[in-house]
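Scroll down for the structure; my scribbles are underneath it.
In this text, all values refer to a predicted model and were calculated from it rather than measured experimentally.
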Amino acid sequence: MSYKAFKFSTACLLIGGVLQAQNSNLIQYVNPLIGTAKMGHTYPGATVPFGAVQLSPDTDTIPYAGPDGKYTGTAYRYCAGYQYDDPTIVGFSHTHFSGTGHSDLGDFLIMPTTGTLQLNPGTADKPETGYRSRFSHSNEVAEPNYYKVKLDDHNILAEMTTTTRVGVHQYTFPKSDDAHIILDLMHGIYNYDDKNTWTFVRVENDTLITGYKQTHGWAKTRIVYFAMTFSKPIQSYGYAQFKKQVYQGFWRRFNVTQNFPEMIGQNLRAYFNFKTEQDEKINIKFALSPVSTVNALENLRTETPSWDFAAIKAKGQQQWNQELSKIQVETLNKDDMTNFYTAMYHTFLGPTVYSDLNGQYKGLDQNVHTTNNFTNYTTFSLWDTYRTLHPFFNLVQPQRNSDMIQSMLAHQQQSAHKMLPVWSHYANENWCMSGYHAVPVIADAIVKGVKGFDYNKALDACIATANVKYYDGLEDYIRLGYIPDDKRGNSVSTTLEYAFDDWSIAMAAQKLGRNDVYETFIKRSQNWKNVYDASIGYMRPKFSNGSFKKEFDILSTHGQGFIEGNAWNFSLFVPHDPKGMIDAMGGDKKFLPHLDSLFTMHLPDEFFAHTEDITREGIIGNYVHGNEPSHHVAYLYNFTSQPWKTQERVRMILKKQYKAAIDGLGGNDDCGQMSAWYIFTALGFYPFAPGSETYQLGSPAVRKAVIRLENGNTLTVDARNQSDKNVYVSKVTFNGVPVKGTTIDHSKLIEGGELVFYMSAKPTK
C-alpha cells in the first residue's frame, strides 16, 4: 500500500495525549518502505529477524559497469535492489543487504508471467519486451515478514513471506494456458557479465528443483545452494543459456534446453510452465543453504513442513512482535512511534544467520564447519555497526551478539591472515572500508560482561589482528605512529580509526588484568596526536619524512587523507580521548564556538561531489549525519562547560534526519547503524566510545520506554514533562538517586530500575 494508506491504518493507543505501544501487535508501527527512496538503501520485502532469506522485489537490472567495464555509478541506487520511484518490478530475489553503500547478492530471482514466454527482463520504459511488469504503489503492501504487490502486465497477485532459511511465494494467476514461473539464475545486484561463474540445476521430480550458483563479485567466491518446490506439478520446463560454452563434450547428443533434468552453465534462465484456472494459486518454497542441496532440502522440510502460507506469515510476524517487544515505548505522536519501531526493525535485519539447521556452514577457508553451541552469522558491516548497533545488541540482544562474536572468532581462525572480519559476508572477506572494527565490538562485549565466549582467546584474536603488518598501512602505523600520506590515500582517517581500535583493546586488557597488553595499546591509542596539526587546529595528512601536506583543504572529501569525510568532521574523531582532543584544540573557550559552527556553517555541494555516500539530505551545516564518522559528535558538548547543547543538538538531529516517510533516512542505513543511533538517542543515552561501559546522557525523545532485558530485569526510561519544546534536561535520577554529571554505566542499567529525565524548555547552565 502507499505510505499515505499506511499512516491511515496505523492504530495507536492514545492515552492522555500520549501514544502508547500496544503490547501484542508492535509490527503495526513498522513501515518497511521507509528508506526505500533516495539514499536509505533499505528493501521492503519479507524476512524474519536476522533471517538468512530476504525475499524482496528488485525494480531494475542496472549493471555495475558499462560496456567499457568501468563502474557507472548508476548501480549505487540499487544496493538493496529496490527504488521506490521505479515503475516496474523485474522479479523477487532471495538475498539482499539492508542500507549498504556497496552491494552483492540478489540471488535466485523468481518472476511469474502469463502469455508468450520471454526469458529476458525487458526494460523499464518497455517492460512488455521482457518478463518484468508495471506495478502501482496503491497495490503494494509491505509489513514485517510480508510483501504483496499486483503485477499489472501479467494480472498476477504476488505475495511473499519467509522463515529463517526459506522464502515462500504465493502467486494468484488468471485463467491461462500459458502460465510460467521464471527462475533467473543470471540476475544479481551489482551485476556484470562474468559475475556468475557457474550454475547447476537438477529437476528432481515434477515439483522439486535443487541446485547452486557460484558468483564472483564483492565476495570473490560465493556459492549458494537451494531447494525449490512447487505446490502444483510442472507441466513442462526448460532453460536458455546466455553465454556459449566453448566445449560441450558429448552432452550435445541431447536437447538439454527442454525437459532435460539437468541445467548446467554460466548464465542460465530457467522456466516452468503451468496451466491455471481463474484465481488459482501456485505456491513456491525456496530454501537456501551455504553448504549443500541436501541441507537446503532439510531446511525446507523442517522450517516449512506445510503449504499454509497464512500460518508461515503469522509465525514470522509473531517473531517480529517478540523482538520488537523488547522495548515498549510511549511517544508524543504517530510519526515518532513509526520511526522508533521501524528503526528497531532495521536493527534486527542483520547480521544474518549463516548456518543450516544442522549447524553446518561454509567457512572463510571454503571448507564446511559445524557450530559448537552457537548460531553462525554473516553480513558484518563493521566500519558502521561497531559504533552503535553492536552496543545496542549488548543491551537488548547480548546472547545473539555473543554468537556474532563467536562467528567473528571462527572467521579469524579460518582466515589465511588470522584477522578478524573487516567487512565480511557469505564466507568471504571483502576488505571494504578501513580500521579493524571487529575489535571494539569484542572489547565492548568483554567490558560489559556479555557471556558466552572466551574473553582471553577473543582478546588474543584482537591483538593478532592489530599486528598484521601488511594490512592497510599497519607496519608504518606501528613503526611511525601514523600512516604516511605518500603510502596510503586514507592516511589520516585510518590512523584515527586504528588509534580508537587500539584503545578498545587496552580497555579489554585492563578488564582482564593483562597489563602488558594494556600498556602497549594505550600507548598506541595516542597516535591520533601524530596527525594533529596544532597550527591549523585540524587533523592533517603527514608524509613519511614527518612533514605535513602543504596543499590541503579541510572541507573537501576527495584526496585529503580521509575516507568518506573531510578534515572538519574527522578531526573530531577521537572518541576515546575527547578531553585530550579538546585541550589540543585550545580548550573549552576555543572548542565550543568551533563545534557550534559545525552545525551552522554551509557546506557547498562541491566539497562532497566525489563521495556518493554523502548527499545534501544527510547534512546539517557541515555536520554529516548521513555517514557514520560523525555519529558521536553531538555528544561532544558533554565534555565541555555547555552539556545542554548535546540535548539541543540530538533532538534537532532526530527531527531532521529521521522522518516517517519513504525517503525518511538522511543516508544509507548501513545494516542498522543509522537506526541504532536513533533508538539510543531517542532513549536518552548513547554508547559514545564502544569499549567503555559508560553511556553519555542526552535528551530522550520518547515519553516513556520499558526495556525488557535478557537477564530478566526491566529498565524503565521516564521523560517527565516531555514535549517538542522541552528538549533540555534539568536533572536525571536513577532509582531515585540523582545522577551526577552526564554519564551512566551499563552495569547499573542492566540491574534494572527507573531512569528519570526531568525535561524543561530552558537549559540548565
Would a line drawn from the ring center of [X] to the ring center of [Y] be shorter than 6.0 Å?
{"X": "Y635", "Y": "F688", "value": "no"}
{"X": "W218", "Y": "H425", "value": "yes"}
{"X": "Y470", "Y": "H417", "value": "yes"}
{"X": "F393", "Y": "F50", "value": "yes"}

Looking at [atom1] of [X] and [atom2] of [Y], how far apart are the two atoms once the value is rounded to the nearest 0.5 Å?
{"X": "N627", "Y": "N569", "atom1": "CG", "atom2": "CG", "answer": "9.5 Å"}
{"X": "S415", "Y": "E429", "atom1": "OG", "atom2": "CD", "answer": "7.5 Å"}
{"X": "T378", "Y": "M408", "atom1": "OG1", "atom2": "CE", "answer": "10.0 Å"}
{"X": "Y637", "Y": "R649", "atom1": "OH", "atom2": "CZ", "answer": "4.0 Å"}
{"X": "L480", "Y": "E475", "atom1": "CG", "atom2": "CD", "answer": "9.5 Å"}

Which heavy atom of [X] sits nearest to which heavy atom of [Y], and what is that distance?
{"X": "S630", "Y": "V624", "answer": "CB-O, 3.6 Å"}
{"X": "A445", "Y": "F453", "answer": "CB-CZ, 3.9 Å"}
{"X": "P391", "Y": "K448", "answer": "CB-NZ, 4.0 Å"}
{"X": "I483", "Y": "D472", "answer": "CD1-O, 3.7 Å"}
{"X": "L382", "Y": "P421", "answer": "CD1-O, 3.2 Å"}
{"X": "I744", "Y": "L755", "answer": "CD1-CD1, 3.7 Å"}

Tell me, do [X] and [Y] make a side-chain contact under 4.5 Å, heavy atoms counted?
{"X": "T495", "Y": "Y498", "result": "no"}
{"X": "I405", "Y": "H390", "result": "no"}
{"X": "M585", "Y": "M581", "result": "yes"}
{"X": "L420", "Y": "C462", "result": "yes"}
{"X": "E628", "Y": "W677", "result": "no"}
{"X": "F521", "Y": "V439", "result": "no"}
{"X": "Y455", "Y": "V447", "result": "no"}
{"X": "Q696", "Y": "H632", "result": "no"}

* Asked: Using 4.0 Å as the upper bound for N to carboxylate O, is an ion pair formed by D533 and K549?
  -> no
* Asked: Is the shortest side-chain N to carboxylate O distance from D476 to R479 below 4.0 Å?
  -> yes
Crowded around [X] [atom1]? As in, over 12 foreign heavy atoms under 6.0 Å?
{"X": "K326", "atom1": "NZ", "answer": "yes"}
{"X": "Q322", "atom1": "CD", "answer": "no"}
{"X": "K418", "atom1": "NZ", "answer": "yes"}

Angle class for the [X]/[Y] ring planes (parallel below 30°, perpendicular above 60°, tilted otherwise)?
{"X": "Y436", "Y": "Y471", "value": "tilted"}
{"X": "F348", "Y": "F392", "value": "parallel"}
{"X": "F573", "Y": "F570", "value": "perpendicular"}
{"X": "H437", "Y": "Y386", "value": "parallel"}
{"X": "Y695", "Y": "F680", "value": "tilted"}
{"X": "Y538", "Y": "W568", "value": "perpendicular"}

* Asked: Quick one: is the NZ or CZ of K731 closer than 6.0 Å to the six-membered ring centre of Y758, and within 45° of its axis?
  ->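 Cation-pi check for K731 and Y758: passes.
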Can a donor-acceptor pair be found between the side chains of [X] and [Y] at a distance below 3.5 Å?
{"X": "T352", "Y": "T379", "answer": "yes"}
{"X": "T371", "Y": "N376", "answer": "no"}
{"X": "S434", "Y": "N490", "answer": "no"}

* Asked: What pairs of residues pass the salt bridge (charged side-chain N to carboxylate O under 4.0 Å, His left out) test when at least one of them lies in residues 382-405, not counting sequence neighbours?
  -> E323-R400
